[in-house]
Protein chains: 2
Amino acid sequence: MNMAEQKMDETKAAGAAAEWIDGETKVLEAPGDHGAELRLWLRLLTCSTLVETEVRRRLREEFDSTLPRFDLMAQLERASDGMVLGEVSKRMMVSPGNITVLVERLAESGHISRTTSPTDRRVQIIALTPFGRAEFEKMAAAHAGWIADLFGRLSTKDGAVLLDELAKLKRSIVGSLGKAGKPA
Amino acid sequence: MNMAEQKMDETKAAGAAAEWIDGETKVLEAPGDHGAELRLWLRLLTCSTLVETEVRRRLREEFDSTLPRFDLMAQLERASDGMVLGEVSKRMMVSPGNITVLVERLAESGHISRTTSPTDRRVQIIALTPFGRAEFEKMAAAHAGWIADLFGRLSTKDGAVLLDELAKLKRSIVGSLGKAGKPA
DNA sequence: ACGAATAATTTTAAGCTTGAAGTTTTTCGA
DNA sequence: TCGAAAAACTTCAAGCTTAAAATTATTCGT
C-alpha cells in the first residue's frame, strides 16, 4: 500500500463530519536534515488539532458555548476570590485585548461578574457567578468524559510514557524560548 | 517548593515576550476519575500552543506572513499540477469558506495563481507561482530551523519514543472519532 | 508638588475560523 | 429530456486572536 493509500485509509477511519486528509506526509521534503523534528511537530499538531476541533464542536452543540469561554471559566473556577484580567491573559496564553472581549460576553450572559478593584481603579476583578459556576461544572464534567473517551484507547502505561516524554519536550521548548529572550 | 512556586519557576524560564502561566495544574480538580487523561491533554495542548505561538510570531516578524498562509503554501509546494480548493480544505483541516479568503489574499499578493477547471466550472485549481515558490522555500527553510531549535534539546531516543507514543494517541483519537460517526 | 515613567485595560485594524445559507454547475434517475 | 439531488465554491454573521495605539490610573524620582 503506497503512502497516499495509507493516508486515505486513516481518513476513512475518522468519523468527523468534515473529511480530513492527514498532513503528516508533507514533512518528507523538509530541507536540510530536520525531518525528524518536523515529523514530530506535525504529529503533535495533528493530535492536538483533532482533539481541539472535537471539543469545540461538542461545546457548541451541547452547551452553546465556545472553547475560549470554557477555558476562561476554568481559570476562574478555582479562584473563589476572583482574578484580575492580566493574570487571566497570562494563564490562557492570549493577548489582553482578547480577554476584554471574552469577559464582556460572559458578563452579558451572566456567567461572570466584573468589578473594579477598590485599591487600583485600573484593575478589573472578575469571578464566576453562582449561575456561571453551575454551568461550568456541567461543562467540565462533560469535557472530562470527552477527553477520557478520546484518550481512552491509550493504555495506562503508554499514557504515562507519553506524559513523561511531553514533559521533556516541553522543557526543550521552554528552554529554547528562554535562551532567545530574557527571563520575566 | 509548593505548586504555585514551581509554576512560577517554569514561567520565569520562558523568554517569550508576553509572560505566560502554565495551566496544567488546573487539572487537579477534574471530576470523577479522569485526572490522567485531562493532565495529558493539557500538556499536549500547552506544548503545541507554545510552538505554534512562536512560529506565528517569527513568520510575522521575519516574513510578514501568517501560519495559515504558510500552511496553504506548504500544501501546494508538492502539487506542481495545482490543487483544487476542496482538497486544500481537507488537508488543512479547515472549512471551505476559510480557504476562499486565504486563497484570495495569496492570489492578490502574487504567491499563488487560480484558474477555473477546464472540465468543471465549479472547480478552482490553485498553484504556487514562481514567486510564491521562491518565497515559500525561504520560509520553509527558516521554519525547519526554528522547529529543530525548539525541539533540539530532546534526545534522538526521546524523540523517537515520543513520535511512537503520539502515533498511538492519534490512533486512540481517530478510533474514538470513528465510532461516533460513519466512515467517509 | 509635579512631571515622567510605568501599569492595566480598552480600542482598533487586520487576519483567521466556523457553520449555514446562497449561487452556480454537474450528475443522476425517471 | 428534464427536474431533483448533489457538488464546489462563495458569502455571511458571529466569534476569536494578534499587536499596536489609546486611555486612564498609579508610581517614582527630583
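Per chain, numbering begins at 1; letters A, B, ... match sequence-line order. None of the values given here were measured: they were computed from a predicted structure.
- Between A:Arg56 and C:dT18 there is no side-chain polar atom (N or O) within less than 4.0 angstrom of OP1 or OP2.
- What separates CD of A:Glu61 from P of C:dG19 is a distance of 9 Å, to the nearest Å.
- Residue B:Arg69 has a polar side-chain atom (N or O) positioned under 4.0 Å from OP1 or OP2 of C:dC16.
- Nucleotide C:dC16 holds its P atom 12 Å from the CZ atom of B:Arg60, rounded to whole Å.
- In this structure, CD of B:Glu54 is placed 14 Å from C1' of D:dT18, rounded to the nearest angstrom.
- Closest to the B:Ser95 side chain, of the nucleotides D:dT17, C:dT18, C:dT9, is C:dT18.
- Note on A:Pro96: a base of the nucleic acid sits closer than 4.0 angstrom, heavy atoms only.
- Between the side chain of A:Ser95 and the backbone N or O of A:Asn98 there is no donor-acceptor pair closer than 3.5 Å.
- Without hydrogens or angle criteria, B:Ser172 side chain to A:Leu150 main chain gives a donor-acceptor distance under 3.5 Å.
- Looking at heavy-atom distances under 4.0 Å, A:Leu102 makes contact with sugar-phosphate atoms alone, never a base.
- Contact annotation: B:Arg57 does not reach the phosphate of D:dT17 (side-chain N/O to OP1 or OP2, under 4.0 Å).
- For D:dT23, the OP1/OP2 oxygens have no side-chain nitrogen or oxygen of A:Arg122 closer than 4.0 Å.
- Of the charged side-chain nitrogens involved, at least one lies within less than 4.0 Å of a carboxylate oxygen, so that B:Glu54 and B:Arg57 count as a salt-bridged pair.
- Checking D:dT10, D:dC16, C:dT18 against every side-chain atom of A:Thr66, the shortest atom distance belongs to D:dC16.
- What separates CG of B:Asp64 from C1' of D:dA20 is a distance of 15 Å, to the nearest Å.
- For C:dT11, the OP1/OP2 oxygens have no side-chain nitrogen or oxygen of A:Thr100 closer than 4.0 Å.
- Residues B:Phe136 and B:Phe70 bring their aromatic ring centres within 6.0 Å.
- Using a 4.5 Å heavy-atom threshold, the side chains of A:Phe151 and A:Leu162 count as separate.
- Taking the nucleotide of DNA chain C with the nearest heavy atom to each of A:Ile99 and B:Asp120, the more 5' of the two is matched to A:Ile99.
- Atom CG in A:Leu59 sits about 11 Å away from atom P in D:dC16, given to the nearest Å.
- A residue-by-residue look at A:Leu67 and A:Thr119 shows that A:Leu67 has its nearest nucleotide of DNA chain D further toward the 5' end.
- The residue B:Gly97 sits close to a base: some heavy atom pair falls under 4.0 Å.
- Going from atom CG of A:Asn98 over to atom C1' of C:dT17 covers 13 Å, rounded to whole Å.
- Proximity note for A:Val123 (side chain, C-beta onward) versus C:dT18, D:dT26, C:dT9: the nearest is C:dT9.
- Ion pairing between B:Lys168 and B:Glu165 holds under the 4.0 Å rule for side-chain N and carboxylate O.
- The CD-P distance, from B:Gln124 to D:dT11, rounds to 11 Å in whole Å.
- Rounding to whole angstrom units, CD of residue A:Glu52 and P of C:dT18 are separated by 10 Å.
- Between B:Arg121 and C:dT26, a side-chain N or O to OP1/OP2 separation shorter than 4.0 Å is present.
- Toward the 5' end of DNA chain C, the nearer of the two residues B:Arg105 and A:Ile125, judged by each one's closest nucleotide, is A:Ile125.
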